Amino acid sequence: MTDQASRKLYERHKDFFESVYMVVREIPEGRVTSYGAIASYLGAKRSARMVGWAMNASYKSPGVPAHRVVNREGLLSGKHHFADADQMENLLKREGVEVRNDRVVDFKLKFWDPSRELEVY
DNA sequence: TGTTTGACTGGGA
DNA sequence: CTCCCAGCCAAAC
């Protein structure tokens, strides 16, 4: 591996959580995306779990709408990490996203894909 | 220092 | 539909 490549890898890793937060902050109200879609946009397609870790620590960073990130099936897999068991669902419903049985209704329609909606820098 | 555990996912049986 | 697996890698233990 070249020096440049390893430096790039290091930089990407160092800023990964912050990069995740930047993307999540761009999710419009009333829309949702998935851990994998964010990872994919950041060039780490197989690191969806790391996006989960980032969300786990997201309370430390202001203005990160963590409730708009769900899993690939539209399930609210992170609901237990919010203050109340129903907070994630309530936040979504408040902005017009219907939720039934811990799943986003019309997930396909509400889905916001950063790879399609954001410019690649 | 080694192992286990996940806010995950795509593929396969 | 269910179940399993490999790949992923930071934390926690």
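Every heavy atom of this structure was used, including side-chain atoms; hydrogens, water molecules and symmetry mates were not. Convention: sequence-line order gives letters A, B, ...; per-chain numbering from 1. Keep in mind it's a predicted model, so treat the numbers as computed, not measured.
A distance of about 15 Å separates the P atoms of B:dT5 and C:dC4, rounded to the whole Å. Taking the P atoms as reference points, B:dT1 lies 23 Å from C:dC8, given to the whole Å. For the P atoms, the distance from B:dA7 to C:dC13 is 14 Å, rounded to whole Å.
Residue pairs meeting the side-chain hydrogen bond (donor to acceptor under 3.5 Å, both in side chains) criterion with at least one partner in residues 27-39 of chain A, sequence neighbours excluded, do not occur; the list is empty.
Computed from coordinates, the A:Leu42 CG to C:dC9 C1' distance equals 15 Å when rounded to whole Å.
Of all non-hydrogen atoms in A:Leu75 and A:Asn101, the two that sit nearest each other are CD2-O, 4.3 Å. Contact record, A:Lys79 with A:Asp102: NZ-OD1, 2.9 Å, taken as the closest heavy-atom pair.
Between the side chain of A:Tyr21 and the backbone N or O of A:Ala54 there is at least one donor-acceptor pair closer than 3.5 Å.
Near DNA chain B, meaning a heavy atom under 4.0 Å from it, residues 91-101 of chain A has no residue at all.
Qualifying salt bridge (charged side-chain N to carboxylate O under 4.0 Å, His left out) partners for A:Arg25, counting only residues two or more places apart in sequence or in other chains: A:Glu18. For A:Lys110, the side chain to side chain donor-acceptor pair (under 3.5 Å) criterion is met by no residue, not counting sequence neighbours. Every side chain to side chain contact (heavy atoms under 4.5 Å, CB included) that A:Lys93 has, sequence neighbours left out, goes to A:Glu89, A:Val99.
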Each nucleotide of nucleotides 6-13 of chain B classed B (base within 4.0 Å of a protein heavy atom), S (only sugar-phosphate) or -, in 5' to 3' order, makes BBBSB---
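Taking hydrophobic clusters as Ile, Leu, Val, Met, Phe, Trp and Tyr residues chained together by side-chain heavy-atom distances below 4.5 Å, A:Met50 shares a cluster with A:Val23.
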